Asker: 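Sending over a structure as structure tokens; questions will come in a sec.
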Amino acid sequence: MSEAVTALAGATYEGAVTVADGGLTGMVQLRADLADAAVATAVKAATGADLPDRRRISAAKEQRLLWMSPDELLILTDHGAAPDLVKRLSTELTGQHALVLDLSDARSRIRLSGQGVREVLAKGAPVDLAPGRFEPGEVRRTRIGQIAAAFWLLSETEAEVICFRSVAPFLFDWLSTAARPGSLPGHFR
Amino acid sequence: MLILRCPYCGVDAEETDLAPGGEAHLTRHGPGSDDAEFRDYLFQRRNPRGVHFERWRHAFGCGKWFHAARCTQTLEVFGTYSAQCSEPPEEIMTAIRTRRPDWEMPA
Amino acid sequence: MSSRLATGGRRIDRSKRLSFSFNGTKLTGFEGDTLASALLANGQDLVGRSFKYHRPRGIVAAGAEEPNALVALGQGDRMEPNQRATITELFDGLSARSQNHWPSLQFDIGAINARLSRFLPAGFYYKTFMQPRAAWKHLFEPVIRKSAGLGPAPTQGDPDRYEYFYAHTDVLVAGGGIAGLAAARAAAEAGARVLLVEQDSRFGGRSATDGVVIDGTDAEAWVAEQVAALSAMPNVDLRLRTMAAGVYDHGYVTLYERAGDRDPGAAPVRHRLWRVRAGRTVTATGAIERPISFAGNDRPGVMLASAVRDYIDLYAVSPGDRTVVVTATDDGYRTALAVRDAGLDVPAVLDTRPDPKGPLVDAVRARGIRVEAGRGIAKVRGTRRVTGVDICAQAGEGAVIEHVPCECVAMAGGWSPVVHLWSHCGGKLLWDETAHHFRPDPDRPPTGADGQGFAVTAGTASGPMDTGAALADAVEAGHRAAKALGHDKGAPRIPQADGTADGPPAAVWMMPHGAGPELRGKAFLDFQNDVKVSDVQLAAQEGYQSVEHTKRYTTLGMATDQGKLSNINGLAILSDSLGAPIPEVGTTTFRPPYTPISLGAVAGEARGSLFKPVRRTPIHDWHADAGAVWEPVGDWRRPYCYPKDEESHRDAVNREITATRSGVGLLDASTLGKIIVSGPDAAAFLDLTYTNMMSSLKVGRCRYGLMCTENGFLFDDGVVVRLSEDSFLCHTTSGGSDRVHAWMEEWLQTEWWDLKVWTSNVTEQFGQIAIVGPKARSVLERLGGMDLSAEALPFMAMAEGTLGGIGVRIFRISFSGELSYEIAVPAGRARALWDMLLAEGAADGITPYGTEALHVMRAEKGYIMIGDETDGTVIPQDLNLGWAVSKKKSDFIGKRAMERSALTDPDRKQLVGLETEDPALVLPDGAHAVSGQTNRFGQQETLGHVTSTYWSPTLNRSIAMALVSGGSRRMGETLDFSLEDGRIAKARVVDPVFLDKDGERQNV
């Protein structure tokens, strides 16, 4: 049986910031009313994690729960674990008005690392990325240049970006251009 | 370039993250409506110089449609609110009247 | 002639010599020079020819307001026209050329225009070139373009990099002079985030040159202290070489950072466009000195008085041995002192005021400099540069009292605040009767989202021209800006400046006051556009009253400097001519950018391969390796065909079709839109969004569906699959998925929010591969894993399972009329499945085909394509798709519209097939069927047009589809189609299903 492949095939760019294929990632989409306590209970039972607050990320074990909208959650997990997670969630949500889908292949994950990840993102996203205004634990859906994307910080020197698979090579090239040596403005400190 | 606060995700989104949706609070006229009603529903739009209610979508963000009340002349924003309503909520009306005492809701 | 002084020069480093070239001549300057100061240091005071009259022009200013010294910088792909020498920092190897002359700067044929100037008055173009109309395009315009204008556009692609940067700040301070620094400090110490930008390469503005003393220290030391203190604060970012270019709605400000101009080719970023959102913008943009309108004021050697002392103090450049100062202000006396301090001569200070007095006047007199009260300049002598001035009484008509030889004339007409940024987004101005300038009206600022003013002026940009008042204003501005955003730590201390305020300037709009036509015709208001006092007066005489109309008629204040020097003087002349007060005449609109910014900065990263997003399918790389010819479909790239070796595209398409229809073909259909619609009300929702009845679809079955707009017009189509009782998979057109998904969400969120439905756009989760042709089933069966027999998976059914070990969903649907399976596979395994299918099908000659073969095969079957057969005005019934429009449903989007008389008219254009009389002739796309009659405009009357037209290798003839008025009634008729060369092609109207009308090929 063939193994799944990413759209970026392990690409890496080393510049002022390193841009790298984030690799295969399990991504499970839940559409349900996140304000519904029964949904929170089901999600907790299936993942062990509490529902994230608005625009936040919650986590349990290897899973991260990204708040995408008041009725959409994206759960990141190991690529191989996604089908089981879909089953667990669907079971826990039986009887609820909810949609659970394995979208592990729909999006690509790109990792940024190094001093200056905030500035690379700020070249393309109309978002206040200053320290104190955007911190680890928050997820932001916006655009990077012309590409719809979501991103979050893991630390001051690490960020992750997700975008649709078909534009991942384009966004990878865009981020690599934004990360080329000597090109950071040095605005954040 | 406008900034509108998406009432669903709380982001102060700039215009490039948004998609405009035209005049708000139109009544849909479907089968059974007469020609005049249907024409007005499809084509007649207000274009006031002043207070206006609009639909916007947080297109690059959470994807949600929402309503905005703003002044088309000064670009002052009186507030944004849920898409799931047929008329502006009271707090929006109050905000408008506070800033524009002479304004009246058009019939 | 100008020259370098032996000592001094605040900015230059004499230990670092830089070599550069001007018009091919090698020259040298120093580190810290601008191109303008280096040119002057080399005695090069003629730097260009004027726009219209080709008059010799020299450097007037020392900053961004320079109208004349525009040069072409760099060479080849890095050549940039119209760069201002006064703000171009010198670097080693810089190469510049002057503009708008032929054959040379010294001798210019176009200068004949100057002699013809009385034939080239205001509005000359409008008056002269009206008739005959054709002559404008072919004769007048090419000639005018060659002789008038600025530098030539570069012809090669720009190799440098540009980018955007999004920044958010509480307080943006535009300008890093003493006011900007004081405002920034006040705001920062209150606790606000502060971004301060300065367009120049140094902070401090002109404070050091003007000898300002603050809190007992000289300005240079004070500025250094402020910069050090601000740099140490974590909430402050100070940036040089960064100009606030434009102020827009809701506190949006663009900054233009010239990050790599001194290092072209090596700098990682040439220019950076900052897109800033600021809570408050403090405009500490300073002031610009006004020139004075006297005859010959455009001669090289006539400069702003402030520029004269800038060149002396900053760059140790003498503008000439003898400088006559002509002034309406006390400030002009500072220049007289600076010139004298440099060891140069000031033959006279001509003060237009009858009784000049005050400390500066006394100081000048004390140095033994001759001061002439109530005097002005009748005329400047000299052609390529100043050789002297004729002195006259300012109150008179220009009778010459005395001739004074000199090399430089310093004009001091008073100062005008730089109000551009304040005005860009609607800030209003006040006319100051004392200072004779427009200044911002603090009660009418530009307003933001909260309805409050979001701009604050600081320093001389507010109006006050003396240092003490300007500093107090700036500190207060910075504090107020921070406080408005909730940052306040009490009233900040105001630094104290030494000295007393200057006396009020005189209003001198024309010199001498009673100048006759001869002098007025040589007194320039707008140097860049060659607009003279007489031109504005003529415009007024000809009935122009609006300042905006006068601007366009005379070109006053247009082009790259946008009237930075000419604005007030021009307005004053116009108001005088109209007999209306200046505030009534008003100003022209100030529009961004403040000074021109590069197109590269506007484009940012979006160039070359990053110009526009490209979407790739999971099988993209295989197509590329196979030599696919690409076709853009929305943002996707799809293979058009796969030519082999020397094969033509048409031959490749024919081969792909024949192979598919006779054996088996393979298509990457991943771009098809795929949307999950799920929930207890999903069926009801699809009944509303599709014209068809979708609620009756059985689980596991497929149905071709149509979507219309509320106007009744068809906008998307695709196969809907019922996955379970409450879950559907809706296929959309390629490139239609985002639009259709957004459309569904719009109705769910804004109209039918009571429906319990979730949607998800899963387009990118799946690759989709169509395996098509009589041998398709056998290839899949050999791959193994699923029962794909006609019984197990009949036409329009769906099955889930594993194929070759990969989990798939298979739809037995056909867009070609052949036995066909569309296989949806998780995108990460799509390439693997594609490779497996190719390997397994090799024995059957499996042939990948592209979009053109797809199009031909669907046209052979009479299937419509959204965007070919539809154009936003076509309803399903026009396309013989009335069967897909439910008559049972009480409502669906578009139903009400279809009841309108225009949509039920039997003469509407309807879809028909066409067979040309000459089977080898393929009709042109879009060809019109003509009736032979003409309409009331004398044009040929058309009956309809061709929507799809191809060579069919299967039928060995051309086929076409067309939308023809009353088409279904015309079966068998022969229609005339006009070809591009005027010939008529005859084609017979036939059934649009050309092949296998009974569908036997797919029913196996």
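A, B, ... follow the sequence lines: proteins, then strands. Residue 1 opens every chain. Keep in mind that this is a model prediction, so the values were computed, not measured. The basis for the numbers below is simple: all heavy atoms, side chains too, and nothing from hydrogens, waters or symmetry mates.
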Asker: Using non-hydrogen atoms only, which part of C:Asp891 is less than 4.5 Å away from chain B: side chain, backbone, both, or neither?
Answerer: both

Asker: Under 3.5 Å, is there a donor-acceptor pair between the side chain of C:Arg896 and the main chain of B:His29?
Answerer: no

Asker: Quick one: what part of B:Thr27 sits under 4.5 Å from any heavy atom of chain C, side chain, backbone, both or neither?
Answerer: neither

Asker: Side chain, backbone, both or neither: which part of B:Cys85 has a non-hydrogen atom closer than 4.5 Å to chain C?
Answerer: backbone

Asker: Would you say B:Tyr41 and C:Glu710 are linked by a side-chain donor-acceptor pair, where the criterion is simply a distance under 3.5 Å?
Answerer: yes

Asker: For the side chain of C:Gln749 and the backbone of B:Trp65, is there at least one donor-acceptor N/O pair under 3.5 Å apart?
Answerer: yes

Asker: Step through the shown structure and confirm whether more than 12 heavy atoms of other residues, nucleotides or ligands are within 6.0 Å of CZ on B:Arg45.
Answerer: yes

Asker: If I compare all heavy atoms of B:Ser86 with all of C:Trp753, which pair ends up nearest, and what's the gap?
Answerer: OG-CH2, 4.2 Å

Asker: Under 4.5 Å from any heavy atom of chain C, what part of B:Phe43 do you find: side chain, backbone, both or neither?
Answerer: side chain

Asker: Quick check on C:Lys888: does its NZ atom have over 12 non-hydrogen neighbours (other residues, nucleotides or ligands) under 6.0 Å away?
Answerer: no

Asker: Can you confirm whether C:Tyr252 sits close enough to B:Glu15 that some side-chain heavy atom of one is under 4.5 Å from a side-chain heavy atom of the other?
Answerer: no

Asker: Within the supplied structure, the quantity of interest is the number of heavy atoms (other residues, nucleotides, ligands) at a distance under 6.0 Å from B:Glu23 CD; does it exceed 12?
Answerer: yes

Asker: Within a reach of under 6.0 Å around NZ of C:Lys756, are more than 12 heavy atoms found that belong to other residues, nucleotides or ligands?
Answerer: no

Asker: Is there side-chain contact between B:Thr16 and C:Arg275, with at least one heavy-atom pair below 4.5 Å?
Answerer: yes

Asker: On a heavy-atom basis, which atom in C:Ser890 and which in B:Pro31 lie closest, and how many Å separate them?
Answerer: O-CG, 3.3 Å

Asker: Ignoring hydrogens and angles, tell me if any N or O in the side chain of C:Glu745 forms a donor-acceptor pair with the backbone of B:Gly63 under 3.5 Å.
Answerer: no

Asker: For atom CD of B:Gln44, is the number of surrounding heavy atoms from other residues, nucleotides or ligands below 6.0 Å larger than 12?
Answerer: yes

Asker: Mind listing the closest non-hydrogen atom pair of B:Leu42 and C:Arg900 along with its distance?
Answerer: CD1-NH1, 3.9 Å

Asker: Counting distance only, does the side-chain N/O of C:His250 pair as donor-acceptor with the main-chain N or O of B:Leu75 below 3.5 Å?
Answerer: yes

Asker: Just wondering, are more than 12 heavy atoms of other shown residues or ligands nearer than 6.0 Å to CZ in C:Arg908?
Answerer: yes

Asker: Is the closest side-chain heavy-atom distance between C:Tyr248 and B:Met1 below 4.5 Å?
Answerer: no

Asker: Check each atom of C:Phe454 against the heavy atoms of chain B and say whether the ones under 4.5 Å are side chain, backbone, both or neither.
Answerer: neither

Asker: May I ask you to check whether over 12 heavy atoms, not counting those of B:Asp34, lie within 6.0 Å of atom CG?
Answerer: yes

Asker: Using 4.0 Å as the upper bound for N to carboxylate O, is an ion pair formed by C:Glu751 and B:Arg28?
Answerer: no

Asker: Among B:Lys64, B:Arg55, B:Arg57, find the one that has a salt bridge (charged side-chain N to carboxylate O under 4.0 Å, His left out) with C:Glu746.
Answerer: B:Arg55

